[in-house]
Amino acid sequence: MSDVPSPPAASGTNVPRWTHQPALDGIRGIAVALVLLFHLGLGWMTGGYLGVSVFFTLSGFLITSLLVGQHQQRGVVDLPQFYQRRARRLVPAGLLTIAIVCVLAACRLVQIGTTFRRDVVSAMFQVLNWTQLFGHQSYADLFRAPSPVAHFWSLGIEEQFYLLWPIVLLLVIRALQRHAITERLVWVVGGCWLLTAVSAPLSAHFWSNSAAYYATWARAGEVFAGAVVAVAVAGRTLPRWLRHLTAPALAAIVLLSMFTPSGRGWAFQGGLPLFGILSALLVLSVQVPGWCVNMLSFRPLTWLGTISYGVYLFHWPVFLVFTSDRVHVHGWLLHVVRLAVTVAAATLSF
């Protein structure tokens, strides 16, 4: 969901260069569309929450590409600048959303429970995933007792990654300074993926299914899947056959989003790091030009991806405010109203 610069574009004949990749915006657009369809309650999109997993992997790829690329170009990583840019991009819209939610709650336009204040504070400090986990709130509670800031749990995981990973990555790069950095960095980041991937099923077994879904370490495997791709492609020429992976990877993501059950099943038993591999293959494949890359670069889709952070922020409170009782429309027309208001709010925010 976060708005970050695009990494280098690669081809089968050229070393990657730092340019904007519209196809990555297209992936963002598809990911946020899956989440929207799921939160609309459509029965044929029971696993649309997997769009969040795609965002995790994409964020891991983008941020790691940015940091590694900066080190390759300048020989240093400017952490203060990195954090400043992330704050400017993410904090204002997030605080605006929380402020609007508080106004809506004061006007009784959204239902609030006994944990509303705690949830708002947790959302502000990007730790809502831990608050929900230790508060024994399962993902199945999303529709039963909807909190207007419930969707901030995933933003919390991303922000925790943004806070810690650049420091760890910089320390690793410094430790490898006298060695073949790129080759060894792949193994180090791959090891991070393996450790966090294993933590997901272990969290489900020894703690709870909710821990496998909400705990930062359990979801970090999806983020590190993207980070592995970032360090693997850095400065390398990629084979053209990778472009043939785009269509099957994208089809598999959409099909799994349609048929994965909500609130139970493999996604809550530690299987999401494996889904992260699928998302990582999609991200890797679009580094090589092809017809699927052109399809993902379709202007309306990339535009949706460009404003996806705002769309994600605003959609959930909008969905809770614009109910059939208030707007006096039902069915598909209600969905159209909700989506239109969400996109309008995200566009204005952007």
Side-chain angles (χ1 to χ4, degrees), residues 1 27-58 128-147 149-158 196-223 225 248-282 308 311-312 315-316 319-320 331-332 334-335 338-339:
M1 281 73 70
I27 294 175
R28 280 197 191 104
I30 291 174
V32 78
L34 294 175
V35 175
L36 291 175
L37 294 174
F38 171 66
H39 283 166
L40 284 173
L42 301 180
W44 50 271
M45 188 56 71
T46 56
Y49 57 87
L50 294 176
V52 171
S53 182
V54 177
F55 271 117
F56 285 164
T57 302
L58 188 56
L128 187 61
N129 62 310
W130 291 109
T131 300
Q132 290 179 323
L133 179 57
F134 286 109
H136 303 291
Q137 293 176 268
S138 70
Y139 196 68
D141 296 329
L142 180 67
F143 294 106
R144 288 200 296 262
S147 166
V149 294
H151 59 311
F152 272 80
W153 72 268
S154 63
L155 299 177
I157 290 177
E158 288 199 37
T196 52
V198 170
S199 75
L202 290 179
S203 296
H205 180 75
F206 291 103
W207 192 344
S208 67
N209 286 356
S210 293
Y213 197 82
Y214 283 131
T216 303
W217 58 69
R219 300 305 298 266
E222 298 147 71
V223 186
L250 183 58
I253 288 172
V254 173
L255 288 174
L256 284 171
S257 298
M258 293 175 63
F259 295 105
T260 297
S262 173
R264 56 185 175 84
W266 63 269
F268 294 82
Q269 296 169 351
L272 285 171
L274 297 179
F275 182 83
I277 295 178
L278 188 60
S279 300
L281 288 176
L282 175 61
S308 60
V311 169
Y312 186 82
H315 86 280
W316 187 239
F319 286 10
L320 296 182
W332 66 268
L334 176 62
H335 300 330
R338 286 171 161 177
L339 293 175

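The model shown is predicted, which means the values in this text are computed figures rather than measured ones.
- Closest of all the heavy-atom pairs between S53 and E222 is OG-OE1, 2.7 Å.
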Evaluation steps, ring pair (Phe, Tyr, Trp, His ring centres under 6.0 Å), between F56 and F275
CA-CA 11 Å; F56 285 164; F275 182 83; over 10 Å; no
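- Here the options are V35, L37, L50, the test is side-chain contact (heavy atoms from CB on, under 4.5 Å), and the partner is S257; only L50 passes.
- Distance CE/M258 to CZ/F38: 14.5 Å, rounded to 0.5 Å.
- Looking at every heavy atom in both residues, A150 comes nearest to W316 through CB-NE1, 4.1 Å.
- With rounding to the nearest 0.5 angstrom, the CZ atom of R338 is 11.5 Å from the CG atom of L36.
- Rounding to the nearest 0.5 Å places CG of L272 at 12.0 Å from CD1 of I277.
- Between G276 and A225 the shortest heavy-atom distance is O-CB, 3.6 Å.
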Could you walk me through whether I253 and S279 satisfy the side-chain contact (heavy atoms from CB on, under 4.5 Å) test, starting with their C-alpha distance in whole Å, then the side-chain angles of each, then the deciding distance to 0.1 Å, before giving a yes or no?
CA-CA 7 Å; I253 288 172; S279 300; 4.1 Å; yes
Taking it one step at a time, do H151 and F319 satisfy side-chain contact (heavy atoms from CB on, under 4.5 Å)?
CA-CA 12 Å; H151 59 311; F319 286 10; over 6 Å; no
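- A donor-acceptor pair under 3.5 Å links the side-chain atoms of S199 to the main chain of W217, judged by distance alone.
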With side-chain contact (heavy atoms from CB on, under 4.5 Å) as the criterion, how do L40 and L339 come out once you've worked through the C-alpha distance, each side chain's angles and the decisive distance to 0.1 Å?
CA-CA 9 Å; L40 284 173; L339 293 175; 4.2 Å; yes
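- Across A200 and A212, no two heavy atoms sit closer than the pair O-CB, 3.5 Å.
- Atom CZ of residue R264 and atom CG of residue N209 lie 11.5 Å apart, to the nearest 0.5 angstrom.
- The six-membered or imidazole ring of F259 lies away from that of W266, with a centre-to-centre distance of 6.0 Å or more.
- In this view, T216 and N129, W130, I157, Q160 satisfy the side-chain contact (heavy atoms from CB on, under 4.5 Å) rule, not counting sequence neighbours.
- Closest non-hydrogen pair, Y49 versus A267, comes out as OH-CB, 3.7 Å.
- Listed here is the closest heavy atom pair of P146 and L320: CB-CD2, 3.8 Å.
- One distance of note links OG1 of T260 with CG of L255; it measures 10.0 Å at 0.5 Å rounding.
- In this structure, S262 contributes its side chain and G47 its backbone to no donor-acceptor pair below 3.5 Å.
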Is there a side-chain contact (heavy atoms from CB on, under 4.5 Å) between Y213 and L133? Walk through the geometry before answering.
CA-CA 9 Å; Y213 197 82; L133 179 57; over 6 Å; no
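- To the nearest 0.5 Å, the span separating CD1 on I27 from CG on L250 amounts to 8.0 Å.
- Using a 30° and 60° split on the angle between ring planes, Y214 and W153 fall in the perpendicular class, above 60°.
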